[in-house]
Protein chains: 2
Amino acid sequence: MTQPITETTVAELQSWLQVITHPKRLKIINLLMEGIQCNCEIGERLDMPRNLISHHMGILRQSGLVDVERDSADARWVYFTINQPALAQLRTLFDVVLNPARIQPRQPGCGPQSAPIEFVDAEPLPSA
Amino acid sequence: MTQPITETTVAELQSWLQVITHPKRLKIINLLMEGIQCNCEIGERLDMPRNLISHHMGILRQSGLVDVERDSADARWVYFTINQPALAQLRTLFDVVLNPARIQPRQPGCGPQSAPIEFVDAEPLPSA
DNA sequence: TGAACAGTTCAATCCAAATTGGATTGTATT
DNA sequence: AATACAATCCAATTTGGATTGAACTGTTCA
């Protein structure tokens, strides 16, 4: 059904999570989803200085999760929006890697239950 | 349909993400899902010293995402497993907060497009 | 032209969390 | 009883990213 989860799949998800997990950045994403896209209002709502907003926006932008657009009337203002294809990709990765259906029973590759087996097998044979 | 997303909803998701986002911890979770649950084998696979594994396991355990179980035959060994209800809760939170259907068009709460409106309204009235 | 403004960039500092080395706990084996 | 072992705990150190303050870019408006 689902493609196998490779190490790079996990690493990909990890780098997405790295971007969104920071408390302020997750709050920013939440505001963007609510339609708050003006830099200054985000600053007010989250009580952050402009340059710090800019810093986090740079990280969000670089990841591809957020797009920027300049105001057509006054080019000093910029608006940020969620990049929906990127969001969809993140959601898919999360869903695939953390899919509960993947969970397997224990593989006894080590521990006391894996090694002693040959010893138990060897014991009964001579007495029988 | 869906309940409103409060600030605490976002904060809850954030604290889950905080736990799973660390690269080594996400890899550990991935191994657990594959059925690798023996502490020593995790150490081998991820090339980490025991005490560091233990440290990260403590964080995973404390979050509720991972359970511990002692080996019934030899109580020195422990096995870790994914707590499925916790995983389900994490998945739900992620799905609800980052739901693309939530994305709203821009709310012009500030910026050059919000303030000038009253000026435009005031202009035509005297001439009419 | 120059003052005001939004946003960005840069260098320096700060800080919380990861990592490391070593001691400790508790169980199994001889 | 003594040794070996898995795991945990603890204090000290390291470190990567967040934060801060100030300078800089480009645009708008008087």
Electrostatic pair A:Glu69:B:Arg106 at N-O distance under 4.0 angstrom |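 Salt bridge flag = yes for B:Arg106 with A:Glu69.
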Thinking salt bridges, do A:Glu34 and A:Arg45 make one under a 4.0 Å N-O criterion?
->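 Salt bridge: yes.
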Residue that, paired with B:Leu98, satisfies side chain to side chain contact (heavy atoms under 4.5 Å, CB included) out of A:Leu87, A:Asn30, A:Ile82 |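 Of A:Leu87, A:Asn30, A:Ile82, side chain to side chain contact (heavy atoms under 4.5 Å, CB included) with B:Leu98 is met by A:Leu87 alone.
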Of all the heavy-atom pairs spanning A:Gln107 and B:Glu41, show the shortest one and how long it is.
->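 Minimum heavy-atom separation between A:Gln107 and B:Glu41: O-OE1, 4.4 Å.
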Where is the tightest heavy-atom contact between A:Thr21 and B:Gln14, given as atom of each residue plus distance?
->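 Looking at all heavy atoms of both residues, the shortest contact is O-NE2, 2.8 Å.
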Could you tell me from which nucleotide to which nucleotide of DNA chain C, 5' to 3', there is an atom under 4.0 Å from chain B heavy atoms?
->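 Result: C:dA18 to C:dA28.
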A:Met33 versus A:Thr81: any side-chain heavy-atom pair under 4.5 Å?
->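 They are not in contact (no side-chain heavy atoms under 4.5 Å apart), so the answer is no.
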Do side-chain atoms of B:Arg25 reach the backbone of B:Val19 as a donor and acceptor pair under 3.5 angstrom?
->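 The answer is yes, because a donor-acceptor pair under 3.5 Å joins these two groups.
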Could you tell me whether a side-chain N or O of A:Arg61 sits under 3.5 Å from a main-chain N or O of A:Val68, the two making a donor and an acceptor?
->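 Side chain of A:Arg61 to backbone of A:Val68, a donor-acceptor pair under 3.5 Å: no, none is there.
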Considering only heavy atoms, which members of residues 12-33 of chain B lie under 4.0 Å from some atom of DNA chain C?
->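 Here the set is B:His22, B:Lys24, B:Arg25.
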Protein-nucleotide distance (A:Asn51, atom CG; D:dC24, atom C1'), rounded to Å =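 Computing the A:Asn51:CG to D:dC24:C1' distance gives 13 Å.
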Between N or O atoms, less than 3.5 Å apart, protein on one side and nucleotides 2-7 of chain D on the other: list the pairs.
| unit_1 | atom_1 | unit_2 | atom_2 | d |
| --- | --- | --- | --- | --- |
| D:dA6 | OP2 | B:Arg50 | NH1 | 3.1 |

Using a heavy-atom cut-off of under 4.0 Å over every strand shown, decide if B:His55 touches base, sugar-phosphate, or nothing.
->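 It contacts base atoms.
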Does a donor on one side chain sit under 3.5 Å from an acceptor on the other, for A:Arg91 and B:Asn99?
->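 Looking only at side-chain atoms, B:Asn99 and A:Arg91 do not form any donor-acceptor pair under 3.5 Å.
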Would you give the length of the straight line joining atom CG of A:Asn39 to atom CH2 of A:Trp77, rounded to the nearest 0.5 angstrom?
->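 Between atom CG of A:Asn39 and atom CH2 of A:Trp77 there are 11.0 Å.
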